[in-house]
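Could you have a look at this structure, given as structure tokens, before my questions?
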Amino acid sequence: MPRPAVTIAVRAARAAGNVILRYMNRIDGLNVVEKQRMDFASEVDRLAEAEIVKELRRAYPDHAILAEEGGAIGKGALTWVIDPLDGTHNYLRGIPHFSVSIALVDKGVPVYGVVFDPLRGELFTASRGDGAYLNDRRIRVSRREGLAGAMIATGFPYRQRAHLDAQLAMTRALLAEAEDIRRSGSAALDLAYVAAGRYDGYFELGLKPWDMAAGALLVQEAGGRYGDLAGRDGLPASGNLLAGNLPVAKAMVEVIGAHATPALLKA
């Protein structure tokens, strides 16, 4: 049975998903702002976030919230970390790949997580110690035993273009051994796909807590591992995240470590 906090997060994610789908055929008329260079937000992001915050505040008025658009609300050890529309660039271009990501974090550690793909109706949920699920079916990371034949996901974030040469070197080195690399545009879904065994591993630079908290928990509860590029476990303060099943994550740390700059390997 889902934990009560997961049930509330699922309700909030579905409410946000309804907003996202409602505006899909009106994308050209949306009000879009550029928060910083190549970082866009639409009124759909804000409306979807408002639905999530409303549901969470109603159920847990004493919990803090950290949301991509609204920032920090309240203080406390328990914090809901929210990305109302992970994959905004895809959404605004009509590319059908985006998600809602909600996690409850306790002193920096994700304990509950929900990633919802409203287009496909795929609901990924996890509770710490209780496993990970896709539409109530238990999921596990892949059984791939190394990089040979592995499918790896990544992203090339607009905030980290200064590290592009290093990331391209990492990508080139991984491609020398892996089957292929995918870049889909939604970190939360990439991590959920690792948890479901669709991808074998994932890495990206410069993520924010709302990009990775729910998806990282999914990976862990599905039997995988997440951490920074140097292989240290936990959500990296740097935002430089690596995740995968255990042997693939280990192999990725070794390959990436040979091509990452010292700055990228910092926690």
Side-chain angles (χ1 to χ4, degrees), residues 12-52 67-69 82-103 113-124 134-135 151-161 164 167-168 171 174-175 178-208 210-216 218-219 239 241 243:
R14 290 194 182 279
N18 289 338
V19 171
I20 291 166
L21 295 181
R22 189 183 312 139
Y23 282 86
M24 272 204 72
N25 295 324
R26 292 182 270 170
I27 291 175
D28 290 343
L30 292 178
N31 179 34
V32 179
V33 297
E34 187 172 12
K35 296 186 289 185
Q36 54 182 295
R37 183 174 179 267
M38 293 186 289
D39 183 5
F40 298 97
S42 72
E43 59 188 294
V44 174
D45 295 72
R46 293 185 289 275
L47 290 170
E49 184 173 288
E51 289 294 319
I52 296 170
E68 180 175 15
E69 305 307 326
I82 303 166
D83 192 337
L85 178 51
D86 186 53
T88 298
H89 290 237
N90 283 348
Y91 183 78
L92 293 176
R93 291 176 175 270
I95 298 171
H97 194 79
F98 42 80
S99 62
V100 180
S101 178
I102 303 172
V114 171
V115 174
F116 179 48
D117 179 343
L119 271 180
R120 297 175 182 84
E122 291 193 327
L123 179 69
F124 300 86
L134 167 55
N135 293 343
M151 182 71 73
I152 307 296
T154 191
F156 295 95
Y158 45 83
R159 288 185 292 260
Q160 298 292 325
R161 294 294 165 84
L164 185 58
Q167 187 171 5
L168 289 174
T171 303
L174 289 169
L175 273 174
E179 177 184 332
D180 208 346
I181 290 183
R182 295 283 186 268
R183 192 268 187 265
S184 65
S186 173
L189 274 183
D190 284 344
L191 288 162
Y193 283 15
V194 172
R198 297 173 180 175
Y199 292 142
D200 301 297
Y202 166 81
F203 76 103
E204 189 164 344
L205 310 181
L207 294 174
K208 297 297 186 180
W210 48 78
D211 297 318
M212 56 183 172
L218 284 166
V219 171
L241 182 73

* Asked: Which atom names give the shortest non-hydrogen contact between V114 and A13, and what distance separates them?
  -> CG1-CB, 4.0 Å
* Minimum heavy-atom separation for A214 to V115, with atom names? -> CB-CG2, 3.9 Å
* Specify the closest pair of heavy atoms between P84 and I52, including all atoms of both residues, with the distance to one decimal. => CA-CD1, 3.9 Å
* Just how far is it from atom CG of L164 to atom CG of L168, taken to the nearest 0.5 Å? -> 4.0 Å
* Would you please classify the geometry between the Y193 ring and the Y199 ring as parallel, tilted or perpendicular, with 30° and 60° separating the classes? => tilted
* If we only count heavy atoms from C-beta on, is the V219 to Y202 side-chain gap below 4.5 Å? -> no
* Tell me, do E204 and D211 make a side-chain contact under 4.5 Å, heavy atoms counted? -> no
* Asked: Would a 4.5 Å heavy-atom cut-off, applied to side chains only, mark T171 and I181 as touching?
  -> yes
* Asked: Which atoms form the tightest heavy-atom contact between S184 and D190, and what is the distance?
  -> OG-OD1, 2.6 Å
* To do: List in chain and number order the residues that pass salt bridge (charged side-chain N to carboxylate O under 4.0 Å, His left out) with R182, two or more places apart in sequence or in another chain; answer none if no residue qualifies.
  => D180
* To do: Mind listing the closest non-hydrogen atom pair of S186 and H97 along with its distance?
  => CB-CD2, 4.1 Å
* Taking S99 for the side chain and D117 for the main chain, is one N or O donor matched with an acceptor at less than 3.5 Å? -> no
* To do: Flag the pair E68 / D86 as yes when at least one side-chain heavy-atom distance between them is below 4.5 Å, and no otherwise.
  => no
* Kindly give the heavy-atom pair with the smallest separation between A192 and L218, and that separation in Å. => CB-CD1, 3.9 Å
* Measuring from L191:CG to L241:CG, what's the distance to the nearest 0.5 Å? -> 6.0 Å
* From I95 CD1 over to L119 CG, what is the distance, rounded to the nearest 0.5 angstrom? -> 12.0 Å
* Does P118 reach the side chain of F98, with side-chain heavy atoms less than 4.5 Å apart? -> yes
* To do: Hey, could you give me the CZ/CD distance between F156 and Q167, rounded to the nearest 0.5 Å?
  => 5.0 Å
* Asked: Hey, does I20 have a side-chain heavy atom less than 4.5 Å from the side chain of L85?
  -> yes
* Starting at CE of M212, measure out to CG of L207 and round the result to the nearest 0.5 Å. => 6.0 Å
* Asked: Does a salt bridge link R22 with E51, judged by any charged N lying under 4.0 Å from a carboxylate O?
  -> no
* Return yes if some donor-acceptor pair links the side-chain N/O of N135 with the main-chain N/O of E122 below 3.5 Å, else return no. => no
* W210 side chain reached by I82 side chain, heavy atoms, under 4.5 Å -> no
* Asked: When you measure from the side chain of D200 to the backbone N and O of M151, does any donor-acceptor pair fall under 3.5 Å?
  -> yes
